[in-house]
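What follows is a set of notes on a single structure, which appears directly below.
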Amino acid sequence: MRRLNTLFLCLWATVVAYGQGFAIDPTKPVSAADVVITAHNLAFFDEDSLRVVAPEDVLTARAGRRVSPSEIHGEGNATLADADLYSYNYPSVDADGNKIMLSALMAVPTKMVLDGLHAMPNNVIIGCHVTITSNYECPTEYNKSGGSGSWQSDVGMQICYARYDFFRQPCCLVIMPDYEGYGVSKNRPHPYLYQELTARQVADAARYGLALYNANIEAGEEFCDFESGWKSVCVGYSQGGSVALATHRFIEENGLASELHFAGSVCGDGPYDPVEHLLYYMLDNGTSYDGDNYTVHDANTVTMPIVMPLILKGMCDSNPFMRGHKVSDYLSEKFLRTGVIDFINAKSKDKDNQYSTDKINDAFKAMRKNGLNYVYTDENGVKKSGHYSSSQITEMLYQEKNDNVHGRLSQIMTSEAYDYFTNLAAHRQDQPEVETPSDRGVMKDLHRALASNSLVTGWTPTHRIGFYHTTYDTVVPYANLLSFMRHQNGLKYYFHDTSRARSKAAGVNPSHIVSEGSADVYIFDDDCKDDHVGGGREFYVWGSPSPDYRLIKWVLEGKK
C-alpha cells in the first residue's frame with residue numbers, strides 16, 4: 001500500500017480500546033486515534049461505471065510500472081476521474097446514547113495515476129445518501145476491490161467531486177457516511193427519519209474524517225493540505241436531502257460551523273416535514289402546480305409502498321415517543337404478511353438475498369400476479385398457513401403506473417391508523433396548520449414522533465441552503481419544500497425560475513425575494529416532469545452544469 005502504512009498499523013491497535021474516553025458531548029474534540037481504517041482502493045470512472053482497483057493491482061509485474069486507467073479497463077475506455085477511496089469506522093452514539101461504531105467512505109482527490117500525486121482539496125463535500133433497503137448500496141460497499149457500480153448513483157456522483165479537473169472546480173475531499181444500520185452496523189436497525197440522531201452521526205463522520213485526513217498530513221504522508229478559504233457543504237437527495245438539512249441544523253445549533261468551515265447545504269427532494277408529507281398521501285389527487293398537468297398520485301395512496309414500513313419501523317425502533325409501540329399497531333396484517341419487514345431486515349444477508357427498493361417493487365408485482373402464500377402464528381402459538389389471491393393483493397397493491405406498484409393506505413394501514421390520519425387530513429383542509437397533540441396515545445405518539453422530526457420549524461438557518469425539488473415527485477412531494485418556505489418566511493429567497501410559477505400556484509409567496517447573491521435560500525424548482533427517481537437523476541446529472549453543481553457553487557460563494 002503506497003500510503004497510510006504506518007498510520008494504518010497504529011490505528012488498528014486502537015480497535016480494542018474503542019469507547020474508552022469517547023464523549024457523548026457532540027462538540028468535544030475528536031482524534032484520529034479513534035478511527036479504524038478498513039479499506040483503501042483506487043477509483044476510476046469510465047463511461048458507465050465506477051471501477052475500484054486495489055493499489056497493488058495497479059502495478060504491472062514489469063519493473064513495478066504504474067499503468068494507466070485505459071490499460072486497466074481495456075483499450076477505448078475513457079477515464080473521467082480517479083480518486084483514492086478509504087473506508088473507516090468511527091465512534092458515535094445510538095438513540096439510547098450508547099457508544100457505537102459506524103462506517104464512512106472518504107474519497108481523496110488524486111491528480112495523476114502515473115505518479116500518484118494528490119490534488120489540493122479546495123472544499124469538503126459531506127455526502128448524505130438516499131434511502132436504501134439493501135446494504136450493498138451503502139457508500140462503503142463501493143470501496144471493494146474489483147467492484148463496479150454506476151457512477152450515476154448518488155454515491156458515484158458525489159465521489160465524482162473528488163476528481164481533479166483544472167477546468168471543473170470544486171475539487172473536494174468527499175466524506176460519505178453509511179447511516180446507522182448499514183456498513184459496519186448493518187446488523188442494527190436503521191433509525192429512518194430520526195433526523196437529529198442521524199445528523200449527529202453524520203457530523204461525527206465529518207469530524208473524524210477530517211481528523212484522519214489531517215493526521216496523515218501531520219505524519220508526512222502524501223496528502224495535500226486544503227486550499228486557504230476551504231469550506232464544507234452538506235449534500236444529499238431524497239432521504240439524503242433531509243439528512244443534509246438536519247446536519248446543517250445540527251452543525252449550527254451545536255457550534256460546529258467554525259470547526260467544519262461550514263458554508264451550508266444543498267438538499268434535493270427531501271422529507272423536511274413528515275406530517276405534511278403523510279397528509280399529501282391522504283389528500284393529493286395529482287397536483288403538479290403546472291397548469292392542467294397531473295402527476296400519477298391519487299388521494300389515499302402511496303406510490304412507493306415500502307416508504308410506510310420504513311418510516312414506521314424507524315420510528316418504533318428509535319424515536320422516544322414510540323417506545324412500547326409496534327409496527328403492527330400501524331400497518332395491517334395483510335400488508336405485513338407480504339414480508340415487507342423481512343425485506344428491510346435482510347440487509348445483513350448475502351447480496352442475492354437482500355432487497356433494494358427496485359427488487360421490493362418486483363416482489364410486489366409478483367404477488368399481484370400470483371397471489372401470496374404466507375405462514376403465521378395464531379393466538380395459541382400454533383403455526384398455520386394461508387393464501388391471498390391475486391385479486392386480494394391487487395386490492396391493496398392496486399396498480400402499476402410508470403412500472404411501479406402503488407398501494408392503498410386503507411389496506412396498508414390498520415383501520416385505527418387510517419382513521420386517525422383521515423381525520424387529521426380533514427382537519428388540515430379546514431386550516432393551514434395541524435396542531436401536534438400534547439397527550440399520549442398509540443396514534444398520537446406517532447403523530448408526535450413525526451412532528452418531532454420536522455426541519456421546517458424550531459430554528460432559523462444562518463448559512464445558505466440550496467433546494468432542488470420537482471413538483472412531479474409523488475414519493476417525497478413538493479409539499480415538503482412549500483412547508484419550509486411557509487415556516488421560514490423571514491429568510492431571503494432567490495428563485496431559479498424567476499416567475500416563481502410553481503410556488504405561486506401553490507399559494508406560497510415568501511416576503512423577501514432578492515437577487516441570487518443576496519439570498520439565504522436558493523429555490524431550484526424548474527420544469528422537471530419526472531417522479532422521484534427521475535428527479536434524482538436530474539439533480540445529479542442533467543444539464544451543464546447539473547442542479548446540484550450549481551447549488552453547491554452558490555453555497556460556496558456565500559460568506560464564511
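The two residues Val233 and Ser265 make their nearest non-hydrogen contact at CG1-CA, 4.2 Å.
Using a 4.0 Å cut-off between charged side-chain N and carboxylate O, Arg537 and Asp530 make no salt bridge.
For Glu259, the CD atom sits in a packed shell: over 12 heavy atoms of surrounding residues, nucleotides or ligands are nearer than 6.0 Å. Atom NZ of Lys349 sits in a sparse spot, with 12 or fewer heavy atoms from other residues, nucleotides or ligands closer than 6.0 Å.
Legend: residues meeting salt bridge (charged side-chain N to carboxylate O under 4.0 Å, His left out) with Lys326, ordered by chain and number and at least two apart, are Asp329. Shown here are the ring pair (Phe, Tyr, Trp, His ring centres under 6.0 Å) partners of Phe484, two or more places apart in sequence or in another chain: Phe467. Looking at residues two or more places apart in sequence or on another chain, you find a side-chain hydrogen bond (donor to acceptor under 3.5 Å, both in side chains) between Thr303 and Thr474. Residues passing the side-chain hydrogen bond (donor to acceptor under 3.5 Å, both in side chains) test with Ser356: none are found, sequence neighbours excluded. Tyr182 is linked by a ring pair (Phe, Tyr, Trp, His ring centres under 6.0 Å) to His190, counting only residues two or more places apart in sequence or in another chain. Judged as a side-chain hydrogen bond (donor to acceptor under 3.5 Å, both in side chains), and not counting sequence neighbours, the contacts of Lys365 are Asp403.
Formation of a donor-acceptor pair under 3.5 Å by the Asn480 side chain with backbone atoms of Asp273 is found in this model.
Of the N and O atoms on the side chains of Asp178 and Ser103, at least one donor lies less than 3.5 Å from an acceptor on the other residue. Under the 3.5 Å distance criterion, with hydrogens and angles disregarded, a donor-acceptor pair is assigned to the side chains of Thr462 and Glu252. Between the side chains of Asn41 and Asn143, at least one donor N or O lies within less than 3.5 Å of an accepting N or O.
Using a 4.5 Å cut-off on side-chain heavy atoms (C-beta onward), Gln201 and Pro177 make no contact. With a 4.5 Å cut-off on side-chain heavy atoms, Tyr549 and Trp554 do not count as touching.
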